[in-house]
Asks: 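Here it is, the structure in full.
What you are looking at is a predicted structure, and each value in this text was computed from that prediction instead of being measured. Order of the sequence lines fixes the chain letters, A, B, ..., with proteins taken first and strands second; residue numbering starts at 1 for each chain.
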Amino acid sequence: MACPKEGLEEKRKRARAILEALKEAYPKARTELRHETPFQLLVATVLSAQATDRSVNEATPALFARFPDAKALAEATPEEVEPFIRRIGLYKTKAKNLVALAQRLVAEHGGEVPREKAALMRLPGVGWKTATVVLGAAFGIPGIAVDTHVARLARRLCLSEAKSPEKIGAELEGLFPKEDWVFVHHALVLHGRYVCTARKPKCATCVLAPHCPSRQEG
DNA sequence: ATCCCGAGGG
DNA sequence: CCCTCTGGAT
């Protein structure tokens, strides 16, 4: 499904209309991952890779009760962490990464979550997407993280035809005001999760349909 | 490009 | 059954 030819000014106008519709539909869009601290948000975000936020939220209360901060988690072994996160999937890798991550936070960052993207991305299990989400949600540092949902919606809305998440993110950031970047990320995720779903998108009730070249009838 | 991995939906 | 879910490391 190719996108119609469109000038930049035309695309910017469409982006503005999409932003307004998103603000109307999701006035308080933010992460749905349960957390009390930046550390817990970082852990929850690492766990959310290729998993539903629901499964993560069912696991983290017990996990955080047992390992509330980086110091506690740094003293654990992956085998001790695995039972808490087994149902999430990819649990062996994630357990190993989380313990190593906590140890690095203690050793190199005083047990705190660093506020620089490069430092975050050096942590095990933390890539560009996770780092961008944590900076935005925990510290309000602007950025449009691109996950499976944002990538799908950017493609369907013809806001970007790029392939790599980083390029899609950069293109989206060029279309929306910086103060709305974090909101746009969370709103697109929510819209992707509940309306513009991967398999049977609910175009009939979609508030973005008037601005969507990919909308389907019926 | 491939592996890690469980759970829910269609 | 197959696809998808807020990816990252090798």
Asks: Within the 4.0 Å heavy-atom criterion, would you say A:T45 contacts the bases, only the backbone, or no part of the nucleic acid?
Replies: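 Nothing, no nucleic acid heavy atom in range.
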Asks: Select base, sugar-phosphate, or nothing to describe what A:V126 touches, counting heavy atoms under 4.0 Å on all strands.
Replies: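 Contact class for A:V126: sugar-phosphate only.
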Asks: Pick base, sugar-phosphate or nothing for A:A51, based on heavy-atom distances below 4.0 Å to the nucleic acid.
Replies: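 If one applies the 4.0 Å heavy-atom cut-off, A:A51 turns out to touch a base.
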Asks: Mind checking A:R54 for me? I need base, sugar-phosphate or nothing, with any heavy atom below 4.0 Å counting as a touch.
Replies: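 The residue A:R54 makes no contact with any strand.
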Asks: Heavy atoms under 4.0 Å, any strand shown: does A:T93 hit a base, just sugar-phosphate, or nothing?
Replies: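 Counting heavy atoms under 4.0 Å across all strands, the contact made by A:T93 is with sugar-phosphate only.
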Asks: Does the pair A:C3/A:C158 show an SG-SG distance of less than 2.5 angstrom?
Replies: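 Looking at A:C158 and A:C3, their sulfur gamma atoms lie closer than 2.5 Å, so the answer is yes.
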Asks: Which part of the nucleic acid, if any, lies within reach of A:K92 when heavy atoms closer than 4.0 Å are counted: base, sugar-phosphate only, or nothing?
Replies: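 A:K92: backbone/sugar contact only, no base atoms under 4.0 Å.
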Asks: Under 4.0 Å, heavy atoms only, any strand: does A:R87 hit a base, just the sugar-phosphate, or nothing?
Replies: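 Here A:R87 touches the backbone only, sparing every base.
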Asks: Under the ring-ring contact (aromatic ring centres under 6.0 Å, His included) rule, collect the residues that match up with A:F84, sequence neighbours excluded.
Replies: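 A:F84 satisfies ring-ring contact (aromatic ring centres under 6.0 Å, His included) with A:F67 once adjacent residues are dropped.
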Asks: Pick one: which of A:K11, A:K13, A:R14 meets side chain to side chain donor-acceptor pair (under 3.5 Å) with A:E6?
Replies: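 Checked A:K11, A:K13, A:R14 against A:E6; only one passes side chain to side chain donor-acceptor pair (under 3.5 Å): A:R14.
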Asks: Side-chain heavy atoms under 4.5 angstrom apart, residues restricted to Ile, Leu, Val, Met, Phe, Trp, Tyr: same cluster for A:L135 and A:V43?
Replies: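 As far as the 4.5 Å side-chain criterion goes, A:V43 and A:L135 are connected within one cluster.
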Asks: Counting only side-chain N and O atoms of A:R86, is one of them less than 4.0 Å from OP1 or OP2 of B:dG6?
Replies: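 Indeed not, no polar side-chain atom of A:R86 lies that close.
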Asks: Using the P atom on both, measure B:dC3 against C:dT6 and round to a whole Å.
Replies: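 Taking atom P in both B:dC3 and C:dT6, they lie 24 Å apart.
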Asks: Heavy-atom nearest nucleotide on DNA chain B for A:G89 versus A:K200: which residue maps closer to 5'?
Replies: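 So the residue in question is A:G89.
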Asks: Base, sugar-phosphate, or nothing: which does A:L123 touch, judged by heavy atoms less than 4.0 Å apart?
Replies: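 Counting heavy atoms under 4.0 Å across all strands, the contact made by A:L123 is with sugar-phosphate only.
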Asks: With rounding to whole Å, what would you report as the distance between B:dA7 and C:dG8 at their P atoms?
Replies: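 Straight-line distance between the two P atoms is 23 Å.
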Asks: Report yes if a side-chain nitrogen or oxygen of A:T148 is closer than 4.0 Å to either non-bridging phosphate oxygen (OP1 or OP2) of C:dC5; otherwise report no.
Replies: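 Indeed, a polar side-chain atom of A:T148 lies that close.
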Asks: Look at the side chain of A:R199 and decide which nucleotide, out of C:dC3, C:dC5, B:dG6, has an atom nearest to it.
Replies: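 Selected nucleotide: C:dC3.
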